Amino acid sequence: MIALVDCNSFYASCELVFRPYLVGRPVVVLSNNDGCIIAANKEAKALTNIPMFEPVFKIKKQLLEHKVVFFSSNYTLYGEMSQRVINILKTFSDRVEVYSIDESFLDLSDIPEETLESYAHQIKDTILRYTGLPVGVGIAPTKVLSKLANKMAKKRPENNYVCVIRSEADRIEALKWCAVKDVWGIGKKHRERVMNIGVASAYDFSKPPLAWVRKEMTVVGERTWRELNGEVAMDFTTDFKKKKAIGTAKSFGKKLANLDIIEEACSYYVGEVTEVLRAQGSCASALQVYITTNYHSDRDQQYANSITVKLALPTNDTFVLIKEAKKALHLIYKAGYRYKKVGVNLLGIIPEHYVQGNLFELPSTSNNKLAQVVDRLNLKFGKSKVSSALVGTRIKEWELIKEERSPRYTTQWNEMLRIKG
DNA sequence: TCTGGGGTCCTAGGACCC
DNA sequence: TCTGGGGTCCTAGGACCC
């Protein structure tokens, strides 16, 4: 049996852990630049005129009216809280697959079936006690069914955040309960396609012939279909998954026209992604850079372009990558536009020790010591405290807006929670 | 004024190889 | 008269997820 443990309204819950006096009030967390709502606790979700992913400026009035509390996103805090939850989960199973920042699959095949439900409650209660975070636990024979069980655990009050799909009758009941749009792996496009042939529930989707599903929805849909029918069709892996692409792209705090400032932002992002690259012991063999104007604006002239450059030798050297990124940026930048975003992507990622020299060059190792020192300093003193001078000093002119960011309670000594004695 | 960011996997088609 | 068959690698685009 497989359990899916999922934190409830994760980002909002993280904020509430350190502000218990806000419990019971609607709380939302905003995206970078404080642009959209990306997380909401159940009190905020209950306010129907405050939809998720809505731009904040459009619903500012409603937010104030309902006294909604909002936070800028604080990924340092969320990442560290996530790690605490994962550490606890590892005491409940030797096989934990970390699926996302707030979700993990656990292999529970060693747990006697009749005790699964109480085991799930134990997991839930322990996480709440040790971290302050509420979670839901769904247990079933396949991943897709455990996702579904998790949904039932949270949506049906009588379940009290735990649900086990064990018997065939449980499975049928769950499938009939779940709308097809809520099935993990069926998105907007496929939903429309299956609804055209009269499929409304997960149960309906488990009925059409497999050949039809395969033809319309590729092998991905086939796996979903099989797993809904109780057959294991997805791998379970506990391996640390090295990233196959590492990218970052953030909107600027304001629109920018000048190449030299955009260049600085671009270089800064290269510094960030290259650090992630080194942390997983990899090199990139290609680099992609893209820029875009604000496509939401009717008034601005629109332009967007991207370029991918293959590197002569795969590398994780920040200085080399910044130089390449700048060259690439010059090729796609056009004067006369007000840009909103620049992004970089590292592609063709391979293990460091696979890098092969070519006829004219050996793999570069000259900067390794320097990179190690820089990475250590940044780990200790905070992100990007030390960076290449190519990044420049005008960060204030492009950095994102985070007006309501909470303190990094768990990772910075000087931002720890203070309790009056 | 103001509209997120970071990923994965799959398929089709083109270019190329022997 | 008659012009193959089997394969790899790469990229772009689509679909999906949190």
Side-chain angles (χ1 to χ4, degrees), chain A residues 4-12 28-40 51-61 63 70 72-75 78-79 82 97-105 143-144 147 150-151 180-194 214-224 233-235 237 241-255 269 272-273 276-277 280 285-286 288 290 292-300 306-310 338 340-349 400-403:
Chain A
L4 176 70
V5 181
D6 180 330
C7 300
N8 309 342
S9 316
F10 182 57
Y11 296 170
V28 297
V29 177
L30 310 180
S31 64
N32 277 332
N33 269 328
D34 293 347
C36 294
I37 294 175
I38 55 167
M52 293 276 274
F53 300 105
E54 193 70 1
V56 171
F57 77 94
K58 278 193 185 167
I59 51 166
K60 194 95 187 187
K61 212 176 113 219
L63 290 171
F70 37 97
S72 303
S73 36
N74 184 346
Y75 291 103
Y78 311 149
S82 168
E97 176 175 340
V98 178
Y99 178 71
S100 76
I101 194 163
D102 72 331
E103 277 178 57
S104 293
F105 290 104
K143 281 186 173 178
V144 172
K147 282 287 266 191
N150 185 281
K151 194 160 290 255
V180 72
K181 72 171 172 53
D182 292 326
V183 173
W184 186 45
I186 299 183
K188 192 165 173 283
K189 281 274 148 56
H190 289 324
R191 180 182 78 221
E192 284 166 12
R193 216 168 293 172
V194 297
R214 169 79 195 215
K215 190 169 139 273
E216 295 293 319
M217 302 168 66
T218 78
V219 67
V220 180
E222 173 174 343
R223 285 186 200 128
T224 307
M234 293 182 183
D235 292 336
T237 167
K241 288 178 205 145
K242 288 194 175 180
K243 290 185 167 52
K244 296 172 179 175
I246 302 170
T248 190
K250 281 166 234 162
S251 301
F252 304 129
K254 58 184 180 208
K255 288 177 206 152
Y269 296 156
E272 283 187 327
V273 292
V276 177
L277 185 69
Q280 69 166 38
S285 32
Q288 182 179 46
Y290 54 98
T292 169
T293 51
N294 179 11
Y295 53 87
H296 294 292
S297 164
D298 302 330
R299 280 191 295 280
D300 283 331
S306 90
I307 185 169
T308 304
V309 290
K310 207 169 152 69
R338 299 165 70 217
K340 183 62 186 166
K341 186 194 273 187
V342 66
V344 296
N345 244 326
L346 301 176
L347 308 166
I349 291 179
L400 4 120
I401 302 160
K402 284 190 180 235
E403 285 183 341

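Hydrogens, waters and symmetry mates are skipped; everything else that's a heavy atom, side chains included, is used. Residue numbering restarts at 1 for every chain, and letters A, B, ... go by the order of the sequence lines. All values reported here derive from a predicted model rather than from experimental measurement.
In this structure, A/Lys310 does not reach the C/dC10 phosphate: none of its side-chain N or O atoms is under 4.0 Å from OP1 or OP2. Put simply, A/Thr248 has a side-chain N or O that comes within less than 4.0 Å of OP1 or OP2 on B/dG6. Put simply, A/Lys254 has no side-chain N or O that comes within less than 4.0 Å of OP1 or OP2 on B/dC2. Remark: A/Arg223 is not in phosphate contact with B/dC9, judged by side-chain N or O atoms under 4.0 Å from OP1 or OP2. Within the 4.0 Å cut-off from OP1 or OP2 of B/dT3, at least one side-chain nitrogen or oxygen of A/Asn294 is found. Note on A/Ser73: every side-chain N or O is 4.0 Å or more away from OP1 and OP2 of B/dG5. Close to B/dT11, at under 4.0 Å from its OP1 or OP2, lies a side-chain N or O of A/Arg214.
Between A/Lys215 atom NZ and B/dA12 atom P there is a gap of 12 Å when expressed in whole angstrom units. One interatomic measurement links the two molecules: CD of A/Glu192 to P of C/dC16, which rounds to 9 Å at whole-angstrom precision. One can place CD1 of A/Ile246 at 14 Å from C1' of B/dT8, the figure rounded to the nearest angstrom. Protein atom CD of A/Gln288 is 11 Å distant from nucleotide atom P of C/dG13, rounded to whole Å. C/dC17 atom C1' lies 15 Å from atom NZ of A/Lys244, rounded to whole Å. One atom, NZ of A/Lys243, and another, P of B/dG7, lie 5 Å apart when rounded to the nearest Å. Whole-Å rounding puts the A/Met217 CE to B/dC10 C1' distance at 13 Å. Rounded to an integer number of Å, the gap from A/Ile37 CD1 to B/dT3 P is 14 Å.
Comparing C/dC17, C/dA15, B/dT11 against the side chain of A/Val219 picks out B/dT11 as the nearest. The side chain of A/Lys188 approaches C/dC16 more closely than any other nucleotide in the set C/dC17, C/dC16, B/dT3. Set against C/dA15, C/dC18, B/dG6, the side chain of A/Lys250 has B/dG6 as its closest nucleotide. In the set C/dC17, C/dA15, B/dT8, B/dT8 carries the atom at the smallest distance from any side-chain atom of A/Ala245. Side-chain atoms of A/Phe53 lie closest to B/dG4 of the nucleotides C/dC18, B/dG4, B/dT11. You'll find that the side chain of A/Phe57 is closest to B/dT3, out of B/dC10, B/dT3, B/dG4.
A/Glu54 comes within 4.0 angstrom of nothing in the nucleic acid, heavy atoms only. Residue contacts for A/Thr308: at a heavy-atom cut-off of 4.0 Å it reaches no nucleic acid atom on any strand shown. At a threshold of 4.0 angstrom between heavy atoms, the contacts of A/Tyr99 are confined to the sugar-phosphate backbone, with no base atom among them. Using a 4.0 Å heavy-atom cutoff across all strands shown, A/Lys241 reaches no nucleic acid atom at all. Counting any heavy atom pair closer than 4.0 Å across all strands shown, A/Asp102 reaches sugar-phosphate atoms only and no base atom.
Here the side chain of A/Glu97 pairs a donor or acceptor atom with the backbone of A/Thr237 at under 3.5 angstrom. Judged by distance alone, with hydrogens and angles left aside, the side-chain atoms of A/Lys242 form a donor-acceptor pair with the main-chain N or O of A/Gln280 at under 3.5 Å.
Within 6.0 Å of NZ on A/Lys189 lie no more than 12 heavy atoms contributed by other residues, nucleotides or ligands. A/Lys60 NZ: 12 or fewer foreign heavy atoms inside a 6.0 Å radius.
Side chains of A/Asp102 and A/Ser100: a donor-acceptor N/O pair is present below 3.5 angstrom, by distance only.
Toward the 5' end of DNA chain B, the nearer of the two residues A/Asn345 and A/Tyr295, judged by each one's closest nucleotide, is A/Tyr295.
Screening A/Ile37, A/Asp34, A/Val28, A/Asn33 against A/Val56 for a side chain to side chain contact (heavy atoms under 4.5 Å, CB included) leaves a single residue, A/Ile37.
Taking the six-membered ring for Trp and thresholds of 30 and 60 degrees, A/Phe105 and A/Trp184 have ring planes inclined between 30 and 60 degrees apart.
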